[in-house]
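Everything below concerns the one structure shown next.
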Amino acid sequence: MAPTRTEERMSTLGSLDVLDDVAGASLDRLTDLAARTFHAPVAFVSLIEVDRQRLISRKGLAMGDSHIRDSICAHTIGSAAGLVVNDLTVDPRFSSLPLVAGPPHLRFYAGTPLIAGNGVPIGALCVMDSVPRQFSADDRRQLQTLGMAVMNELELRTLSGRRDPVSGLPNRHQFSIDYAARSARSPGLHCHAVLIDVLDLPRANEAGQVLGMAPLESLIRRAGVRINLALEGVAEVYHVGTTRFAFMVDLPDRDAIDRLLDLLRDDLTRPLMAAAVPLSPQFHAGICEATLGRDSADDVLRKLMIGVHSAIAGRVHACWYSATRDEGLRRSYQLATDALQGLQQDQFHLVYQPRFRAHDLCPVSAEALLRWNHPQLGPVSPAEFIPVFERTALMDNVTAWVVDHALAQLAQWRQQGLSLTLSINLSARDVARRGMADALIAGLHSKGLDCTDLEIEITEGEWLRADSLPGEQLQQLAAAGIRVAVDDFGSGYSNFGYLTELPIHTIKMDKSMIDGLPSDHRAQLKVQAVIGLAHGLGYNTVGEGAETDEQVALLQALGCDEIQGFALSRPVSAAELAQRLQAVPCAQG
Ligand code: C2E
Ligand code: MG
Ligand code: MG
């Protein structure tokens, strides 16, 4: 079915992107010029929607938008030559309109249609007066010229908002518009979308600092040219992010896409001279399937980003969108958005896993471990939600909650006569928060506890340096008497420099070091070496995640000081732990 005039007009207005726009100074200047040229007290630019007239620029008129039946311009757009009404009060079409019959009692109207590049009239530029007037052929021509200038201004504005200033290629906005048009033309069509990143951001930042922006922009521009040329006749290329280009292709299968991307990669990654510096564009691609009319442009771009990020993270050239990864990202997002409410609604609680002195397996301390019972997702492991929180300011709230509840619990144990100490896990972000050490020490004092009652567990990483804020805060905690344990020792990071620089008391050997103990001689050597190193430095050692009696016996034999693991106790509630300790009192070691 052929589109109606109104549909054509609305689609043109939509693609010009003028409906949601404010007028802008240059458009107002043209309106002003129209009023002055014809010595008219009133001039305005109107756009005609389905049933409304919108005034996007006006002079001398207080009125805003109106219904289309009160619009004279709605008549103007029907005639290419425009519309002149010398005296509105004698024209039966207009005499009873609010502007004519009521204040400001306008009598004269001259309007010229605004005709878009595709030939569709979308509105009008008009001048009005409160007295009847004549309008010569010359005046009409002049108004027409001003109308064209208004139309140019509208189209220019859109054009400039739709091309990337660096590459000159159509931008993300244009991608969305073209994608919607494609979807309207061929709903249900399956096709593929590709996003190519020509310079991953850490590199771009590095290069920007060294070279300045000019070579970078040149690289991006020239990469755009290469992609555009390589895909000439195959696909339209869009510059959708600083270093990212997207296109849609209609190829039969994944193999065909992979072949296309191989060619593109070879072409793109050849070195080029960018502002006199030889550089090579990078190549990371994300690919996804799209069903036109079902997936929106935003869906497609989001899926492509997931693909590109997988490619960058996995250090491979291209990755297809993965629904599993998408689901994981959405779940993480949900965890982050639900956390604060969860804290307020008591969805979180702490459990305590005792740590045992190796030589007599007497429980000497307990580690507070956070649990979240999410109302929709059920129990969520801290191994999942802590890394999500750590990337946001949420960690601050969660740690404050943990510290508060764990210290209150410890105070209660003290009142019950239990002497065990408490360990709390802190993330790198916590230790890097200024004032954290002061707050923790104040928290202990406010509950009548000693600093020696507490140990904090931190994981090793780049951030553990003495000459940093985290390093300073650790010194402050240790000086007050709080012990510092290195958690998950041996699970990856292996720069031991911090071991002698920072005030460490305990090394907790990661479960992965303990797992192989019974069967792997080399695992025993490793544990033995770590215990030797720790003792040499005067530190205490803990074997984490011991699940079998054999592992416990081996840790004892190797001289480990303390053991924590399911073989001895799982994490339990505070009440259960107190009950157990009261039932089996422990001799002081
Ligand atoms: P982590 O601090 O290394 O804690 C030890 C984890 O290993 C705990 O898991 C514990 O339940 C588990 N575990 C202990 N013994 C065994 C064993 O014999 N076998 C097995 N398979 N697992 C054992 P959980 O409670 O799921 O905690 C996971 C991680 O989440 C913790 O590792 C810690 O890094 C983090 N976490 C937990 N609570 C907090 C918290 O309050 N704050 C922060 N920042 N992190 C926390
Ligand atoms: Mg821990
Ligand atoms: Mg650990």
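In what follows, residues are counted from 1 in the order of the sequence shown. Given the structure is predicted, the values throughout are model-derived calculations rather than measurements. In listed order, ligands and their atoms are each counted from 1.
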Can K511 be said to touch ligand 1, with heavy atoms closer than 4.0 Å?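 Distance cut 4.0 Å: K511 passes for ligand 1.
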
Give a yes/no on ligand 1: does R371 have at least one heavy atom closer than 4.0 angstrom to it?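 Right, R371 reaches ligand 1.
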
Apply the test ring-ring contact (aromatic ring centres under 6.0 Å, His included) to residues H349 and W401: give CA-CA distance (whole Å), side-chain angles for both, the deciding distance (0.1 Å), then the verdict. CA-CA 10 Å; H349 69 279; W401 188 95; 8.6 Å; no

Residue part near ligand 1, for E390, under 4.0 Å between non-hydrogen atoms: neither

Atoms of ligand 1, numbered as shown, that sit under 4.0 Å from any heavy atom of [X]:
| X | value |
| --- | --- |
| V402 | 41 (O) |
| D487 | 1 (P), 2 (O), 3 (O) |
| A546 | 18 (O) |
| M395 | 44 (N) |
| P571 | 11 (O) |
| G565 | 15 (N), 18 (O) |

Quick one: look up the protein heavy atom nearest [atom] and list residue, atom name and how far away it is.
| atom | value |
| --- | --- |
| atom 19 (N) of ligand 1 | E547 OE2, 2.7 Å |
| atom 18 (O) of ligand 1 | F566 N, 2.8 Å |
| atom 38 (N) of ligand 1 | L370 N, 3.1 Å |
| atom 15 (N) of ligand 1 | Q353 NE2, 3.1 Å |
| atom 24 (P) of ligand 1 | P382 CG, 3.6 Å |
| atom 8 (C) of ligand 1 | L369 CD1, 3.9 Å |

Metal proximity, E544 vs the Mg ion (ligand 3), N/O/S cut-off 2.8 Å: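 So E544 does bind the Mg ion (ligand 3) by this criterion.
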
Ignoring hydrogens, just give me the one of I456, N425, D510, D488 whose non-hydrogen atom is nearest atom 43 (C) of ligand 1.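 Heavy atom nearest to atom 43 (C) of ligand 1 belongs to N425.
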
Under 4.0 Å between a side-chain nitrogen and a carboxylate oxygen: does that hold for [X] and [Y]?
| X | Y | result |
| --- | --- | --- |
| E367 | K508 | yes |
| D396 | R433 | yes |
| R330 | D326 | yes |
| D360 | R357 | yes |
| E384 | R331 | yes |
| K511 | D515 | yes |
| D453 | R483 | no |

Taking all non-hydrogen atoms of both residues, which atom of L555 and which atom of A546 are closest, and how far apart?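 Answer, listing the atom of L555 first, then A546: CD1-CB, 4.2 Å.
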
Shortest non-hydrogen separation from G490 to S512 and the atoms involved: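 Scanning both residues completely, I find the closest heavy atoms to be O-OG, 4.3 Å.
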
Going by atom types alone, do [X] and [Y] pair a side-chain donor with an acceptor below 3.5 Å?
| X | Y | answer |
| --- | --- | --- |
| T459 | D488 | no |
| S365 | E455 | no |
| T399 | R429 | no |
| Q282 | D197 | no |

To 10°, measure the OE2(E367)-the Mg ion (ligand 2)-OD2(D487) angle for me. 180°

[atom]: protein heavy atom closer than 4.0 Å?
| atom | result |
| --- | --- |
| atom 34 (O) of ligand 1 | no |
| atom 6 (C) of ligand 1 | no |
| atom 22 (N) of ligand 1 | yes |

Quick one: report the N, O or S atom of D488 that is nearest to the Mg ion (ligand 3).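 Minimum-distance N/O/S atom of D488 relative to the Mg ion (ligand 3) is OD1.
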
For E544, is at least one N or O under 3.5 Å away from an N or O on ligand 1? yes

Checking distances from the Mg ion (ligand 2), one finds that the N, O or S atom of E457 closest to it is OE1

Report yes or no: is the cationic atom of R570 (NZ for Lys, CZ for Arg) under 6.0 Å from the centre of the six-membered ring of F566, at an angle within 45° of the ring normal?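 Yes.
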
Is the distance from the Mg ion (ligand 2) to the nearest N/O/S atom of N425 under 2.8 Å? yes

